[in-house]
Amino acid sequence: MFFCNKRERGKQRKRDRSQTMEKNRIVLVPVPAQGHITPMMQLGKALYLKGFSITVVEGQCNRVSSPSQHFPGFQFVTMPESLPESEFERLGVFNFTLEINKTGETSFKDCIRQLLQEQGNDISCIIYDEFMYFCGAVATELKLPNVMLCTQSATNHAARCFFSKLNVEKFLVNMEDPDLQDKVVENLYPLRYKDLMPSGYGPIESLLEFRGEAIKKRTASAVIFNTARCLESFSMSWLQQELGIPVYPLGPLHITASAPGSSLAEDDMSCIEWLNKKKPRSVIYVSVGTISLMESKEVLEMAWGLCNSNQPFLWVIRPGSILGFSGIDSFPKEVSKMVSERGYIVKRAPQIEVLGHPAVGGFWSHCGWNSTLESIVEGVPMICRPFTSEQKINAMYLESVWNIGIQLEGEVLRGAVARAVKRLIVDEESVGMKERALSLREKLKVSVTGGGFSYSALDELVEHLKRE
Ligand code: UDP
C-alpha cells in the first residue's frame with residue numbers, strides 16, 4: 001500500500017495497532033469425541049479467563065450439551081459437514097476423523113471465512129486438535145496463526161513422532177526379535193521399541209496414512225499438551241528439542257481452569273447416593289471410557305472376579321459397549337444376583353465426582369489419558385486394562401513410572417481380577433500405592449497454582465497468542 005505523507009502513515013499505524021489489539025478471538029476445533037472435546041473446552045475456559053473471546057467450531061454430531069449453560073460467553077458455530085451424523089455411528093470415531101480430514105477442508109474454510117466477514121477480522125489464532133489436521137492447512141491458506149492441542153499424553157506424541165521417522169517395514173521385521181522389542185527408545189526412557197507399535201485402531205496402513213498426513217499438513221507455531229512437566233519430564237524435554245517450536249504443558253486442564261464438564265451424555269447421579277453408604281476407600285470404580293468395546297466373555301470373567309473380591313464396585317456399562325450383551329440379566333443367574341448385591345451399575349457416571357468420593361479406593365480403567373489424569377488428581381490408584389497402543393503407554397507409566405497402577409495383561413480371568421482388586425484396595429501393597437498417588441496429586445496441584453510449571457506455561461501461551 002502507498003501513503004502520500006507522514007501523517008497518513010501515522011494514522012494507518014494507529015489503525016493497524018487497534019486492529020491488532022482487537023484480534024483476541026480464539027477459534028477452537030475439537031475432534032467430535034468426548035475424550036477430545038473435554039480438554040479442548042477446558043483449554044477454552046482457561047483462555048477465556050485470560051481475556052480471550054472463544055469460538056468453538058463443532059460438527060453436526062456430538063455437540064456439547066447445553067453449551068450456553070456450561071460455557072457462558074462462548075460462541076458455538078456448526079461446521080456444515082460433508083459427513084452426516086449417521087456416518088459417525090457407522091464409522092466409529094477413528095474412521096470418522098479420518099474421513100472428516102479428507103473431506104472437511106472446504107466447509108471449514110467457508111466457516112472461518114464467514115466468521116471473519118461477520119465479526120470483523122478478529123481471529124487471533126485457531127487452536128485445533130492434532131487429529132483435525134485439515135485446520136492447519138486452512139489456517140495457512142487464510143494466513144491465520146494456528147496452534148495444536150494434543151489431548152493424549154506427551155509420551156504418546158513423542159512415540160508417534162519417533163515412529164514416523166522409522167522405516168516401517170524394517171521396524172516390523174525387527175519387532176520379531178524379542179531383544180529389540182524390549183530395547184529402550186533413545187532419550188525416551190522407559191519407552192521400549194515395542195511400545196511404538198500402533199495397535200487397536202484397525203488396519204495399520206490407514207493409521208500410518210493418517211499420521212503421515214497429520215505431520216505433513218502441520219504448520220502450527222506451538223503445541224499445547226494436557227500434561228504436567230512433573231508427570232512426563234523426559235518426554236516433554238524430548239519434544240521441546242524435536243519439534244523446534246514452543247511446547248506448553250498446561251495440564252491437567254480440568255484443574256488448570258476448573259472448567260465444568262462438557263458431557264455428551266447425561267450422568268447418572270444416583271451412584272453418588274450409593275457411594276455415600278459405603279465405607280471409605282472400599283469401592284472399586286470400573287469404567288472403560290466412552291469408546292472402547294469389550295467381549296461379553298471377558299465381561300463375565302470381570303463380573304465373577306469383582307464379586308469374588310468381596311469389595312463393592314460401581315460399574316459403568318455404556319449401552320452398546322459390550323458385544324453381544326443385553327444387560328446383566330443375560331449373565332448366568334447366580335452372577336447377575338451377585339452383581340446386583342455387591343455392585344451398582346450405571347450407563348454413565350459423573351467420573352470426577354466419583355473419583356473424588358471418599359468411598360472410592362481404586363479405579364479399573366482402560367487408561368484413556370483423561371481418565372488417567374482425573375484419577376491421579378484425585379489420588380486414586382488404578383487397575384490398568386488398556387485396549388489401544390496409546391492406552392498401553394499410559395498403563396506402562398501408571399505401573400512402572402508412577403507406581404500407582406497394576407496392569408492386567410493377557411486374558412482376563414476371574415482369579416486375576418479378584419487378586420488385582422485386593423492388591424489395589426486391601427493388601428499392604430495398597431498403602432504405598434495410595435501414598436504415591438496422593439503425593440503425585442499434591443505435585444499436580446502445586447503445578448497449576450501460582451509459580452507452578454503448568455501455571456507459568458499458561459501465561460507463556462497467552463503471551464505467545466498475543467504475539468501471533
Ligand atoms: N466419562 C465420564 N463418565 C463416564 C465415562 C467417562 O464422565 O461414565 C468421562 C471421563 O471423566 C473422561 C472422558 O469421559 O473425561 C473419557 O476420556 P478418556 O480419555 O479417559 O477415554 P476415551 O473415552 O477417550 O477413551
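Order of listing sets the numbers, starting from 1, for every ligand and every atom in it.
Listed for the Asn394 side chain is a donor-acceptor partner under 3.5 Å among the backbone atoms of Cys367. Between the side chain of Thr151 and the backbone N or O of Pro39, no donor-acceptor pair lies under 3.5 Å.
Residue Gly289 approaches ligand 1 through these ligand atoms, each under 4.0 Å from one of its heavy atoms: 23 (O). Near Val316, the atoms of ligand 1 lying under 4.0 angstrom from a non-hydrogen atom of the residue are 8 (O). The atoms of ligand 1 that sit less than 4.0 Å from any heavy atom of Gly368 are 18 (P), 19 (O), 20 (O), 21 (O). Interface of Trp369 with ligand 1, defined as ligand atoms under 4.0 Å from a residue heavy atom, comprises 19 (O). Shown in contact with Gly35 at under 4.0 Å from a heavy atom are these atoms of ligand 1, numbered in order with element: 17 (O), 24 (O).
The shortest N or O to N or O distance between Ala349 and ligand 1 is under 3.5 Å. By the 3.5 Å distance cut-off applied to N or O atoms, Glu374 is counted among the residues near ligand 1. For Thr290, a nitrogen or oxygen atom sits less than 3.5 Å from a nitrogen or oxygen atom of ligand 1, counting backbone and side chain alike. The shortest N or O to N or O distance between Asn370 and ligand 1 is below 3.5 Å.
Classification of Asp268 and Arg348 as a salt-bridged pair fails, no side-chain N sitting under 4.0 Å from a carboxylate O. A salt bridge links Glu341 with Lys337: at least one charged nitrogen is closer than 4.0 Å to a carboxylate oxygen.
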Determine all donor-acceptor pairs shorter than 3.5 Å in which one atom belongs to a side chain in residues 204-217; sequence neighbours excluded.
unit_1 : atom_1 : unit_2 : atom_2 : d
Ser206 : OG     : Pro203 : O      : 3.1
Glu213 : OE2    : Lys216 : NZ     : 2.9

Quiz: residues 305-316 side-chain donor-acceptor pairs under 3.5 angstrom, not counting sequence neighbours:
unit_1 : atom_1 : unit_2 : atom_2 : d
Asn308 : ND2    : Trp304 : O      : 3.4
Ser309 : OG     : Leu306 : O      : 2.7
Ser309 : OG     : Gln311 : N      : 3.2
Asn310 : OD1    : Arg342 : NH1    : 3.4
Gln311 : NE2    : Ser282 : O      : 2.9

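Contacts with ligand 1 closer than 4.0 Å are made by side-chain heavy atoms of Gln34 only, the backbone lying farther away. For His366, every heavy-atom contact with ligand 1 shorter than 4.0 Å involves the side chain, none the backbone.
Note that CZ of Arg229 and NZ of Lys443 are 14.5 Å apart. Values are rounded to the nearest 0.5 Å.
For atom 16 (C) of ligand 1, the nearest non-hydrogen atom from the set Ser371, Ser153, Ser375, Ser292 comes from Ser371.
With a 4.5 Å cut-off on side-chain heavy atoms, Val412 and Met302 count as touching.
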